[in-house]
There are 4 protein chains.
Amino acid sequence: MNTASTATTKTSQPRLRADAQRNRERIVAAAREVMVEHGAEVPLDEVARRAGVGNATLYRHFPDRADLLHHVTLSVLDRTADRAERALAAEDGDAFQALRAFVHAAVEERIGALCPLLSDGVDKDHPDLLAARDRLERAVESLMGAARESGRLRADIAVGDLMVAITQLTRPLPGNRCTDFDRFVHRHLQLFLDGLMAPARSELPGSAATLDGLRQQCRR
Amino acid sequence: MNTASTATTKTSQPRLRADAQRNRERIVAAAREVMVEHGAEVPLDEVARRAGVGNATLYRHFPDRADLLHHVTLSVLDRTADRAERALAAEDGDAFQALRAFVHAAVEERIGALCPLLSDGVDKDHPDLLAARDRLERAVESLMGAARESGRLRADIAVGDLMVAITQLTRPLPGNRCTDFDRFVHRHLQLFLDGLMAPARSELPGSAATLDGLRQQCRR
Amino acid sequence: MNTASTATTKTSQPRLRADAQRNRERIVAAAREVMVEHGAEVPLDEVARRAGVGNATLYRHFPDRADLLHHVTLSVLDRTADRAERALAAEDGDAFQALRAFVHAAVEERIGALCPLLSDGVDKDHPDLLAARDRLERAVESLMGAARESGRLRADIAVGDLMVAITQLTRPLPGNRCTDFDRFVHRHLQLFLDGLMAPARSELPGSAATLDGLRQQCRR
Amino acid sequence: MNTASTATTKTSQPRLRADAQRNRERIVAAAREVMVEHGAEVPLDEVARRAGVGNATLYRHFPDRADLLHHVTLSVLDRTADRAERALAAEDGDAFQALRAFVHAAVEERIGALCPLLSDGVDKDHPDLLAARDRLERAVESLMGAARESGRLRADIAVGDLMVAITQLTRPLPGNRCTDFDRFVHRHLQLFLDGLMAPARSELPGSAATLDGLRQQCRR
DNA sequence: GATGAATGAGAATTCATTCAT
DNA sequence: CATGAATGAATTCTCATTCAT
């Protein structure tokens with residue numbers, strides 16, 4: 001499924017020579033890994049070194065950092081969408097459990113690395129990105145819809161809520177050597193998912209009004 | 001309470017001239033603000049400029065970035081502990097609600113900026129940090145203890161779970177212009193808190209064993 | 001006169017520390033020399049080295065190449081204007097000769113280096129530049145006016161004609177080791193000046209019409 | 001005449017395949033154009049792109065920049081010599097006018113681009129270059145000889161004087177968008193030519209002695 | 001003690017040139 | 001032969017840190 005679905009969101013490029021294509025993929029993979037580990041600010045020379053290519057090769061493929069981030073983001077979105085679709089396909093009667101499975105699986109795709117998506121340089125409205133996001137959100141929406149219908153998912157939650165939250169909860173800690181990062185992450189996701197279950201246990205601040213009320217409350 | 005309690009975690013410094021002390025505080029405040037906005041990687045000259053002092057003055061007070069981060073972290077921890085203690089004092093019968101109030105209030109202290117705490121350069125075992133953390137955790141533990149006793153907070157959650165989670169959920173998005181960042185944040189915290197309520201709705205992966213089980217599940 | 005007149009076109013800067021001011025001047029001087037020799041494209045590190053400062057010092061004073069060029073240009077304009085004013089003051093009855101003296105003297109100021117003035121990055125409409133140009137053109141105009149009145153300078157020549165022409169004729173040859181560059185230059189200027197004498201020996205193509213005529217002629 | 005005379009200065013190359021020969025010429029033509037526009041420092045990839053060939057093709061034909069410059073120079077010299085010979089052939093009684101015609105015509109060949117000729121990398125003593133220069137100078141010498149004999153051209157001017165001067169006067173201004181560049185150029189040439197007419201209006205500094213005298217004069 | 005200035009080390013990016021298809 | 005791809009060396013520019021006033 002991976003290849004097929006991936007192809008869906010990819011714009012047709014001018015045919016690349018086989019070796020160039022391989023390098024291109026290596027670079028994106030290396031960037032994904034190293035940026036997940038050390039943040040989006042890593043020296044691009046480091047990315048190139050990890051990919052096993054010269055720095056200029058990286059620049060040939062991705063003229064600047066923003067362009068590289070764009071493609072890393074696409075890659076993460078695609079892979080995460082694959083996971084969502086897979087979870088959807090594997091659903092076996094417990095819709096909420098399918099949603100849970102997807103959320104925990106998303107960690108493996110380092111979805112926390114999606115944050116660079118929002119960094120200054122990247123064009124969030126680029127058609128490719130919109131398409132990839134769309135595909136992901138559509139799949140997650142399906143998972144959520146089924147869970148909602150099963151009566152296990154509270155009704156006041158949008159797909160955006162979920163995506164941003166799991167992105168934040170899985171963000172790598174700077175400089176972390178991850179010893180038990182995973183353990184924490186999965187605990188947090190589990191707790192967060194518990195909060196998503198019906199019946200709702202609190203009212204969500206969604207309007208400016210409720211938000212302001214909440215703030216008053218905090219002040220004293 | 002603020003001043004008194006703050007003093008508690010401060011190690012005794014050699015007496016500073018009044019203006020030097022003021023500069024010192026301005027620098028930490030400026031650093032806290034600018035790092036919250038632009039991440040921990042901001043040029044220190046920028047911090048100095050915001051604080052209205054020369055860069056060399058910053059370096060006189062904080063010999064390197066790690067040292068500055070150390071003090072920013074202390075400051076955030078202290079202020080957040082103030083909030084926790086205040087929430088504790090303001091408790092009026094609903095212990096879980098007091099916990100909720102604290103969590104939402106912590107956003108105002110930009111607790112998400114605590115993440116630099118974990119960055120490479122900072123010594124996480126410095127006595128001052130341990131003390132500040134201790135004070136904060138003690139206060140939050142009190143809040144949680146009361147909530148647990150009231151039967152509203154599930155029992156399988158440690159203070160670390162909560163602190164790391166809210167830190168992550170309130171991390172600033174890079175390059176964000178924050179228009180409705182707050183709205184999202186408070187929604188997520190609300191959902192997360194809902195997940196913390198008793199009765200527990202799922203088992204948390206806390207041991208290596210359950211974690212592995214969870215992973216198996218994700219794989220297919 | 002030099003210092004006084006130079007001050008005329010300088011905008012008041014915030015007071016610089018004495019050493020900083022010295023560095024600033026050294027850098028401009030070095031840039032003028034090295035750019036005259038090797039063109040405006042020289043590595044800025046080279047300029048810094050020649051000025052005896054670190055490269056970052058250069059960047060502190062002149063944030064980018066365009067800014068440095070701007071100041072080099074100002075410097076050349078100022079020094080050339082000094083020459084023009086000096087020639088004016090030294091006039092002793094032969095106005096055309098005074099003009100000649102200025103033109104040959106301008107070589108010493110490397111007026112050919114003015115060409116960078118026209119390069120892409122520089123703002124030709126910056127007030128400081130306009131002022132410096134104005135001062136120079138005013139002085140040259142005076143020289144030309146006197147020569148015209150003496151009946152030795154043909155009437156159809158504007159100050160711009162002269163300035164651009166001598167700029168071009170004194171442009172350094174790329175990679176030249178200049179042994180007898182000076183000899184050529186002064187010969188060319190002499191010839192060009194001869195062409196400026198009255199009575200006019202040809203009609204100058206100044207309108208589109210005459211220019212087109214000239215082109216036709218060239219075609220066959 | 002063009003083809004024949006061009007052949008004269010070309011050393012016999014190993015027979016090239018027709019398409020290779022065409023590529024070679026396209027590259028030189030592209031280089032001439034792009035270097036005239038943007039200076040001799042343009043990226044060679046840009047030249048290749050303009051010529052519609054791959055960069056490696058350029059390198060196959062011209063192993064390095066100096067080699068390409070060499071051939072560009074040859075091309076300009078040849079074309080300019082063509083112009084000179086044509087002017088010579090078209091002479092119709094007014095020898096000085098024929099000289100004028102040639103000078104203005106040389107602009108069209110962008111003779112100002114000859115300056116790269118003198119840049120470091122090029123071997124000015126290469127037989128091909130000497131031959132091309134020779135041919136050009138011989139033709140110009142003929143024009144000048146006739147003009148001298150007609151009594152209209154002053155006697156103290158060598159062919160080198162003229163060639164270097166018109167090269168300088170027609171040098172493209174960096175970053176110029178050429179709107180009225182041509183107008184200026186032709187005006188300057190006209191003035192310069194006027195200075196070449198007999199009777200001489202000044203003594204030319206040709207010896208070290210006269211040059212020094214001139215310098216003294218400039219000093220005060 | 002406070003400050004502006006100086007600096008070298010390092011990161012991003014470009015480009016001439018070589019290599020593999 | 002022609003080409004696109006790869007590469008390292010060079011260049012611009014930034015920034016943490018030190019120095020001189």
Side-chain angles (χ1 to χ4, degrees), chain A residues 14-24 27 41-48 51-66 68, chain B residues 16-21 23-24 41-49 52-66 68 121, chain C residues 14-24 27 41-48 52-65 68, chain D residues 16-21 23-24 41-49 52-66 68 121:
Chain A
R15 256 301 152 252
L16 280 180
R17 252 165 50 179
D19 55 346
Q21 181 61 38
R22 204 180 51 248
N23 275 343
R24 201 181 164 82
I27 292 170
E41 318 291 293
V42 281
L44 294 192
D45 281 22
E46 171 68 16
V47 174
V53 303
N55 59 351
T57 301
L58 185 152
Y59 279 95
R60 160 180 279 271
H61 286 287
F62 308 100
D64 53 25
R65 178 183 294 274
L68 180 55
Chain B
L16 281 180
R17 258 166 44 181
D19 58 342
Q21 180 59 35
N23 275 345
R24 202 180 164 81
E41 319 291 293
V42 283
L44 293 192
D45 280 21
E46 172 68 15
V47 173
R49 213 166 42 64
V53 303
N55 59 353
T57 301
L58 187 153
Y59 276 93
R60 164 172 297 276
H61 286 289
F62 308 100
D64 56 24
R65 177 183 293 274
L68 179 56
Chain C
R15 258 296 154 254
L16 278 181
R17 252 167 48 181
D19 56 345
Q21 181 60 37
R22 205 180 50 247
N23 274 344
R24 201 180 165 84
I27 292 170
E41 318 293 292
V42 281
L44 294 191
D45 280 21
E46 172 68 15
V47 173
V53 303
N55 59 353
T57 300
L58 187 153
Y59 280 95
R60 159 181 279 271
H61 286 287
F62 308 100
D64 55 24
R65 178 182 294 273
L68 180 56
Chain D
L16 283 178
R17 260 168 41 182
D19 56 344
Q21 180 60 36
N23 274 345
R24 201 180 165 82
E41 318 292 295
V42 282
L44 294 192
D45 280 21
E46 172 68 15
V47 173
R49 213 165 42 66
V53 303
N55 58 354
T57 302
L58 185 153
Y59 276 92
R60 165 171 296 277
H61 286 289
F62 308 100
D64 55 23
R65 176 182 295 272
L68 179 56

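Below, each value reflects all heavy atoms present in this structure, side chains not excepted, and no hydrogens, waters or symmetry copies. The sequence lines fix the lettering, A, B, ..., with proteins before strands; numbering per chain opens at 1.
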Margin query: Whether Asn23(D) contacts dC1(F) is assessed here as follows: a side-chain N or O lying under 4.0 Å from the phosphate OP1 or OP2. Is that the case?
Written below: no

Below 3.5 Å, can you tabulate the donor-acceptor pairs from side chains in residues 52-60 of chain A to any protein atom, sequence neighbours excluded?
none

Item checked: Set of residues satisfying side chain to side chain donor-acceptor pair (under 3.5 Å) with respect to Glu41(C), sequence neighbours excluded -> none

Checklist line | Phe62(A) CZ to dA12(E) C1', straight-line distance once rounded to whole Å | finding: 16 Å

Checklist line | For atom CZ of Arg49(D) and atom P of dC15(E), their distance in whole Å | finding: 12 Å

Note to self: OP1 or OP2 of dA5(E) versus the side-chain N and O atoms of His61(C): is any pair under 4.0 Å?
What the structure shows: no

Note to self: I need the CG-P distance between Leu58(D) and dC1(F), as an integer number of Å.
What the structure shows: 16 Å

Item checked: Closest heavy-atom pair and its distance - Val42(B), Arg65(B) -> O-NH2, 2.9 Å

Check: For nucleotides 14-21 of chain F, read 5' to 3', which letter fits each nucleotide if B means a protein heavy atom sits under 4.0 Å from the base, S means only the sugar-phosphate is that close, and - means neither?
Finding: BBSBBB--

Checklist line | Pair pattern of DNA chain F in dot-bracket, where unpaired bases get dots and | marks partners in another strand, Watson-Crick or G-U under 3.5 angstrom | finding: .||||||||||||||||||||

Next item on the list: Return the minimal non-hydrogen interatomic distance between His61(A) and Ile27(A), and the atom names on each side.
Entry: CD2-CD1, 4.0 Å

Check: With Arg22(C), which residues qualify under side chain to side chain donor-acceptor pair (under 3.5 Å), at least two apart?
Finding: none

Checklist line | Of Gly54(D) and Thr57(A), the one whose closest DNA chain F nucleotide lies more 5' | finding: Gly54(D)

Note to self: Output the rounded distance in Å from CZ (Arg60(C)) to C1' (dA5(E)).
What the structure shows: 5 Å

Check: Rounded to the nearest Å, what distance is computed from the CD atom of residue Gln21(A) to the P atom of nucleotide dA6(F)?
Finding: 11 Å

